[in-house]
Amino acid sequence: MTKPRLRFAPSPTGYLHIGGVRTALFNWLWARKTGGTFVLRIEDTDRERSTDASREIILESLRWLGLSWDEGPGVGGAHGPYMQTERLAIYKEHTDRLIASGHAFRCYCTKEELDAQREALKKRDPKAQFKYPGTCRDRRGEPDERHVVRFKAPRDGAVTYVDKVFGEVTTPNVENQDFVIMRSDGVPLYNFGAVVDDVTMGITLVARGRDHMINTPPQILLYQALGAPVPEFAHLPMMLAPNGERLSKRHGAVSVTEYRDKGYAPAAVLNYLARFGWSFGDQEIFSRDELVQAFSWEACGRGDGKFDDKKFLSIDHEHLKSERLLPASDYAESVLPFLAQRGLSGVTKEAVTRALYTVRERARTFVEAADMLDYFFRDAPVMDEKAQKKFLVKDAAARLRGLRDALAGADEWTEAALEARANAHLEAAGLQIKDVAQPARVALTGRSASPGLYQVLFVLGRDASLARLSRGAEIADASASPA
RNA sequence: GCUCCCGUCAUCUAGUGGUCAGGAUCUCCGCCUUUCAAGCGGAAGGUAUCGGUUCGAUUCCGAUCGGGAGUGCCA
């Protein structure tokens, strides 16, 4: 069996949509699993909306996710160019072939004429479906006047194909229209450009969203007319917004870059997207490699689904918790930019790595991690006003000083030693841990919620810890007396 | 209207002609605990409806209802 060739073919008309990522992912997974080739092609034939900037955003997003392409922009390949607007000569050639073989014809009807007819019909019968009347279909002369090229679509028979996800699909040809394949300016339309590219790029499996399922029969007709082998098809169920509508910016974050900025781990993004419309028994959490291993088209579902932000978040949390899925070193690296955003740009990766274990179970995103790590890297913690008011009160001062003095005498600054030291002191002083824990926590971290006290003390180190306890005591002294 | 596609807890899903219909997220309760998490234990929650086939249907078939895609010189 020859190795499959798959492709992802986004239009550079905006950011990379999360649904697009899922399509790219499934193609990529199959290519990687089978040792096949993953081609990236840019479908920029909509010149009104396509921009270089959005093409770059798409490439950057795919790189961030680790969805590497074997052929395409930036890496080249034997089937280039990989931008449709650079392939115009190829489409022209194929158009000529179709005309020569009688599968296509020049049509001189103007858009205005056709629109007028469409409108007129709508007026007469609002429910009727307008169809190109075939004006130029059997025309004899083909002058070099402005024209489009239409496909001479068969009206009898049917197109049947076996979808790798949906199974056998049959569509009768009776309703076919002689659809336009080439605009009057020589730029191909989607169905034609995609087919010509897939043929000339040797694509063997076309996997895309279910919204393209409607395009498959006419495309198969095109393959046949071109005398090209018809590839396999796999359609993926739609990912809809929570309310069942098409997922768009109206429903919150839908571009990958937004999730990157929210501090999601790329592998977690892939994990969530993979489990959407695909399953592997009861397993929910996968590394990138595990996805490659486990993926199959047979295990893809057919029903559309609704995007769930909560579940997405929890998948990200699972990844951040797991050393296996996200080694501390990579984690630390990823948190750095988010610390920098908080004005903590001098922090080293090593320092973050040392402190990381304190937030590992808690942070759901890198943004949260940066927030939870924040106080380790400041000279003094940023005091939460409410926490300070509640816990750094008058009678906390003495307790903080007592704890400070007890800890100051510790021979070694380890969690166990500190805990033992503190316990001994508390017992001697007739206090309970709860009497000092919250004031100490606020003094050390500026917050009422934090990792375990001894973890915080340990990571902070002796000098910083003692200084913060002292400072906390001063703040407590200065606090207004309880009314 | 027509063509095509879909329908298991709120959500993502597993599964089977006979199961207590399983897991995960969310929610709720409890345990643990110096806080917040994490962890552990428990609860609630589903086969869209109606017919048929069958000894037996969530599973097979049909209809209905519901949802989606398209009906462009957009992709």
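Letters A, B, ... mirror the listed sequences (proteins, then strands); counts begin at 1. Note: hydrogens, waters and symmetry copies are ignored here, and every other heavy atom, side chains too, is used. All values derive from a computational prediction rather than experimental measurement.
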Item to complete: Drop me the distance from W413(A)'s CH2 to L457(A)'s CG, to the nearest 0.5 angstrom.
Response: 5.5 Å

Worksheet item: Rounding to the closest angstrom, what is the interatomic distance between U16(B) and U58(B) at atom C1'?
Response: 9 Å

Worksheet item: Roughly how many Å is it from CG in D282(A) to P in C12(B), rounded to a whole number?
Response: 17 Å

Practice prompt. Counting heavy atoms from C-beta on, name the nucleotide in U25(B), C2(B), G7(B) closest to the side chain of R302(A).
Written response: G7(B)

Worksheet item: Which of these nucleotides, C73(B), C2(B), G23(B), is closest to any side-chain atom of Q129(A)?
Response: C2(B)

Fill in: N215(A) and H212(A): side chain donor to acceptor below 3.5 Å
yes

Discussion item. On the nucleotide G39(B), are OP1 or OP2 found under 4.0 Å from the side-chain N or O atoms that K321(A) carries?
Written reply: yes

Worksheet entry | Presence of R118(A) side-chain N/O under 4.0 Å of C73(B) phosphate oxygens OP1/OP2 | yes

Worksheet entry | Atom P, compared across G66(B) and C61(B): separation rounded to whole Å | 22 Å

Worksheet item: What nucleotide, of C73(B), A75(B), U25(B), holds the atom closest to the side chain of K111(A)?
Response: C73(B)

Worksheet item: Taking only side-chain nitrogens and oxygens of R210(A), does any of them come within less than 4.0 Å of OP1 or OP2 of G68(B)?
Response: no

Worksheet item: Considering only the P atoms, how many Å lie between G7(B) and G42(B), rounded to the nearest integer?
Response: 33 Å

Worksheet item: So which nucleotide from C5(B), C26(B), G22(B) ends up closest to the side chain of V169(A)?
Response: C5(B)

Worksheet item: Atom CG of L453(A) to atom P of C36(B): distance rounded to whole Å?
Response: 14 Å

Item to complete: Output the single nucleotide from C26(B), U13(B), C6(B) whose closest atom is nearest the side chain of F276(A).
Response: U13(B)

Practice prompt. Provide the distance between the two C1' atoms, one in U19(B) and one in A14(B), to the nearest whole Å.
Written response: 13 Å

Worksheet entry | Mate of G70(B) where both pairing distances stay under 3.5 Å, Watson-Crick or G-U | C2(B)

Worksheet item: How would you label the contact of E43(A) with the nucleic acid (heavy atoms, under 4.0 Å): base, sugar-phosphate, or nothing?
Response: sugar-phosphate

Worksheet item: How is P451(A) classified with respect to the nucleic acid when contacts are heavy atoms under 4.0 Å: base, sugar-phosphate, or nothing?
Response: base

Item to complete: Compare side-chain N and O positions of R275(A) against OP1 and OP2 of A14(B) and report whether any pair is under 4.0 Å apart.
Response: no

Worksheet item: Are D316(A) and Y272(A) linked by a side-chain donor-acceptor pair shorter than 3.5 Å?
Response: no

Worksheet entry | Point-to-point distance, once rounded to the nearest 0.5 Å, from CZ of R183(A) to OG1 of T45(A) | 5.5 Å

Worksheet item: K306(A) side chain N/O closer than 4.0 Å to the phosphate oxygens (OP1, OP2) of U11(B)?
Response: yes

Practice prompt. Answer with base, sugar-phosphate or nothing: what part of the nucleic acid does Y357(A) contact at a heavy-atom distance below 4.0 Å?
Written response: nothing

Worksheet item: So, is S184(A) close to the C73(B) phosphate, meaning a side-chain N or O under 4.0 Å from OP1 or OP2?
Response: no

Worksheet item: Rounded to the nearest Å, what distance is computed from the CD1 atom of residue I285(A) to the P atom of nucleotide C12(B)?
Response: 17 Å

Worksheet entry | Side chain of K310(A) - closest among C4(B), C6(B), U25(B) | U25(B)

Worksheet item: Rounded to whole angstroms, how far apart are CZ on F192(A) and C1' on C74(B)?
Response: 17 Å

Discussion item. Check R447(A) with D384(A), please: is the shortest side-chain N to carboxylate O separation under 4.0 Å?
Written reply: no

Item to complete: Taking all non-hydrogen atoms of both residues into account, name the closest pair between P10(A) and I58(A) and its distance.
Response: CG-CG2, 4.0 Å

Worksheet entry | Pairwise C1' distance for G70(B) and U8(B), with rounding to whole Å | 28 Å

Discussion item. Under 4.0 Å from OP1 or OP2 of A75(B): is there any side-chain N or O of T45(A) that close?
Written reply: yes

